[in-house]
Amino acid sequence: MKRITSLILAVLMLLSLTACTDSSRGGATYSYDEEAPALHEAYDQWFKIGCAINSWNLDDLDSPEYKTLAKHFNAFVFENESKQDAIQPSEGNFRWDAMDKMVAFCEENGATLRGHTLLWHSQCPDWFFTDNGQDASAELVIERLRNHVTTVVTRYKGKVDSWDVVNEVIGDGGGLRDSNWLRLVGDYDGDGDKYDFIEQAFLAAREADPDARLMINDYSIEASESKAVSMYLAVKKMLEDGIPIDGIGFQSHIGINTNIDDMRRCFEILGKLREIKPDLIFEVTELDMGVYNWGDNNETEYTKEIEEQQSAKYRELFEFYIEQAELGYLDSVVFWGLSDNHSWLNKSEQKNYPMLFGRDWVLKDCYWEVLEVAEEHKK
Ligand code: XIL
């Protein structure tokens with residue numbers, strides 16, 4: 001009898017413990033639950049909350065992914081389908097289906113749209129750089145680049161709010177990244193710098209849509225002071241030369257150990273560009289918070305301890321974002337993926353847990369934490 005009583009007691013304790021887990025913090029369990037507070041509504045007074053999606057996420061209005069994205073986000077970007085290889089896989093062969101669908105969805109839902117990206121060294125087809133099997137001339141590369149930018153931006157004039165005009169052009173060791181763009185275009189105008197391919201992309205984009213926000217997007221400029229300085233120097237020179245750069249996109253593929261004071265320092269460095277362009281704006285463009293260090297391929301269980309560490313870091317991060325929004329720098333925070341299951345950080349040998357929603361769409365502790373931060377700072 002005694003054994004049965006203690007067994008019942010143990011089961012009851014276990015049940016009450018489960019009931020106390022954080023996924024029940026706010027009375028909803030899944031990201032698509034009607035009672036789950038919408039993230040973008042919670043942050044309305046500071047910035048938009050967006051996410052990267054794929055066109056097929058828009059196909060089934062009853063699917064968890066559709067309900068989740070339509071509910072929580074008011075800004076969208078394609079994870080892959082607006083890159084150069086998707087839009088113009090071979091010269092003159094433009095594919096518009098995915099972007100057209102995205103534009104319609106954003107218009108219907110009153111959401112803003114980010115275009116990612118008009119120039120990158122990756123997911124860019126080789127034909128941009130070759131001519132009869134040889135390296136193409138600088139003139140030809142610029143002509144193709146300008147044609148791509150003009151055609152795409154003209155088609156979506158007034159529909160895409162922010163363009164990542166160029167992506168990842170800053171090198172990790174200072175200066176510009178070594179790429180086909182840099183190598184083949186070089187110092188085309190002979191003014192002593194090699195920003196020419198970037199400048200041409202921005203100039204063509206501005207001509208095609210005078211009102212779109214034109215961004216330069218990169219990784220680690222929110223984490224590495226030296227990379228932030230390289231970005232600062234490049235953008236400073238281009239702004240002084242009259243290149244129409246409206247803002248800086250901080251990709252923000254960060255980790256649970258990311259230091260938010262370092263991030264503040266990087267934002268301060270780039271904020272100095274306001275001395276040249278007073279209305280320069282920042283966007284967080286590809287936020288995720290992986291639980292592994294780069295290069296660590298071992299798989300870890302998502303333990304309670306990691307979950308708490310992640311929630312605490314998300315709290316610190318969103319407090320920092322609110323601070324930056326109140327200083328007038330930041331007006332958009334976009335997640336790179338929808339749920340832990342929909343993240344590019346997952347590898348076949350290693351599951352990752354970077355997002356606010358779990359693999360099964362459960363509302364993770366960090367989701368509640370991020371909501372709580374908004375509640376605490378509401379004015
Ligand atoms: C990633 C996508 O998430 C993957 O699906 C794809 O295989 C590779 O590209 N920085 C960027 C994004 O600017 O375009 C990248 O997206 C992630 C890193």
Side-chain angles (χ1 to χ4, degrees), residues 50-58 65 69 73 75-89 95 98-99 102 113-126 128 148-149 152 160 162-172 176-177 179-181 197-198 201 205 213-224 227-228 230-231 234 245 247-255 258 266 282-295 332-357 359:
C51 84
I53 61 167
N54 294 284
S55 59
W56 53 91
N57 299 141
L58 301 174
E65 52 262 51
L69 66 88
F73 303 97
F76 295 92
V77 62
F78 269 140
E79 186 175 5
N80 289 300
E81 290 161 280
S82 47
K83 291 173 181 171
Q84 286 159 300
D85 60 353
I87 294 267
Q88 199 184 175
R95 303 215 168 146
M99 266 304 266
M102 177 71 127
L113 174 49
R114 307 198 76 259
H116 175 82
T117 171
L118 298 168
L119 179 152
W120 196 17
H121 63 274
S122 181
Q123 292 177 276
C124 176
D126 278 347
F128 272 98
H148 182 81
V149 173
V152 179
V160 168
S162 294
W163 277 109
D164 288 334
V165 177
V166 301
N167 191 35
E168 302 185 350
V169 295
I170 302 297
D172 292 328
L176 291 177
R177 167 188 296 278
S179 72
N180 281 330
W181 297 110
F197 70 98
I198 306 173
R213 185 186 277 180
L214 305 183
M215 308 287 291
I216 182 165
N217 194 49
D218 219 314
Y219 66 86
S220 291
I221 51 169
E222 69 286 332
S224 147
K227 191 149 177 183
S230 301
M231 174 64 95
I245 301 174
I248 314 283
F250 295 81
Q251 288 189 2
S252 311
H253 297 291
I254 63 171
T258 292
C266 290
F282 292 164
E283 295 186 29
V284 169
T285 53
E286 304 181 18
L287 175 63
D288 47 29
M289 189 188 288
V291 303
Y292 304 97
N293 294 322
W294 282 113
S332 172
V333 173
V334 175
F335 286 89
W336 202 248
L338 254 181
S339 73
D340 284 345
N341 212 22
H342 293 71
S343 164
W344 73 303
L345 294 176
N346 289 305
K347 301 177 195 153
S348 52
E349 71 284 9
Q350 187 193 57
K351 279 190 194 131
N352 213 323
Y353 306 87
M355 316 310 294
L356 302 183
F357 309 134
R359 286 201 153 56

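Start at 1 and go down the list; that is how both ligands and their atoms are numbered.
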Exercise. Quick one: does W120 get within less than 4.0 Å of ligand 1, heavy atoms only?
Worked result: yes
Problem set entry | Location of contacts on N80 toward ligand 1, heavy atoms closer than 4.0 Å | side chain
Exercise. Does N167, backbone or side chain, put an N or O under 3.5 Å from an N or O of ligand 1?
Worked result: yes
For this session: Could you tell me how the ring of F357 sits relative to the ring of F73: parallel (under 30°), tilted (30 to 60°) or perpendicular (over 60°)?
Result: perpendicular
Problem set entry | Distance from atom 10 (N) of ligand 1 to nearest protein heavy atom, with residue and atom | E286 OE1, 2.9 Å
Problem set entry | Within-4.5 Å side-chain heavy-atom neighbours: E81 and M99 | no
Exercise. Is there a nitrogen or oxygen of H116 sitting under 3.5 Å from a nitrogen or oxygen of ligand 1?
Worked result: yes
Exercise. Which atom pair, heavy atoms only, marks the closest approach of V334 to A52?
Worked result: CG1-N, 4.3 Å
Seminar exercise, completed: Residue, atom and distance of the protein heavy atom nearest atom 2 (C) of ligand 1 read E79 OE2, 3.5 Å
Seminar exercise, completed: Closest non-hydrogen contact found for W336 with F78 is CH2-O, 3.8 Å
Exercise. Is any side-chain heavy atom of W120 less than 4.5 Å from a side-chain heavy atom of D164?
Worked result: no
Problem set entry | Pair T285-F250, side chain to side chain contact (heavy atoms under 4.5 Å, CB included): steps then yes or no | CA-CA 6 Å; T285 53; F250 295 81; 5.6 Å; no
Problem set entry | Nearest candidate to atom 15 (C) of ligand 1, where distance is taken over non-hydrogen atoms, out of Q251, H253, Q123, K83 | K83
Exercise. Is it the side chain, the backbone, both or neither of D164 that has a heavy atom closer than 4.0 Å to ligand 1?
Worked result: neither
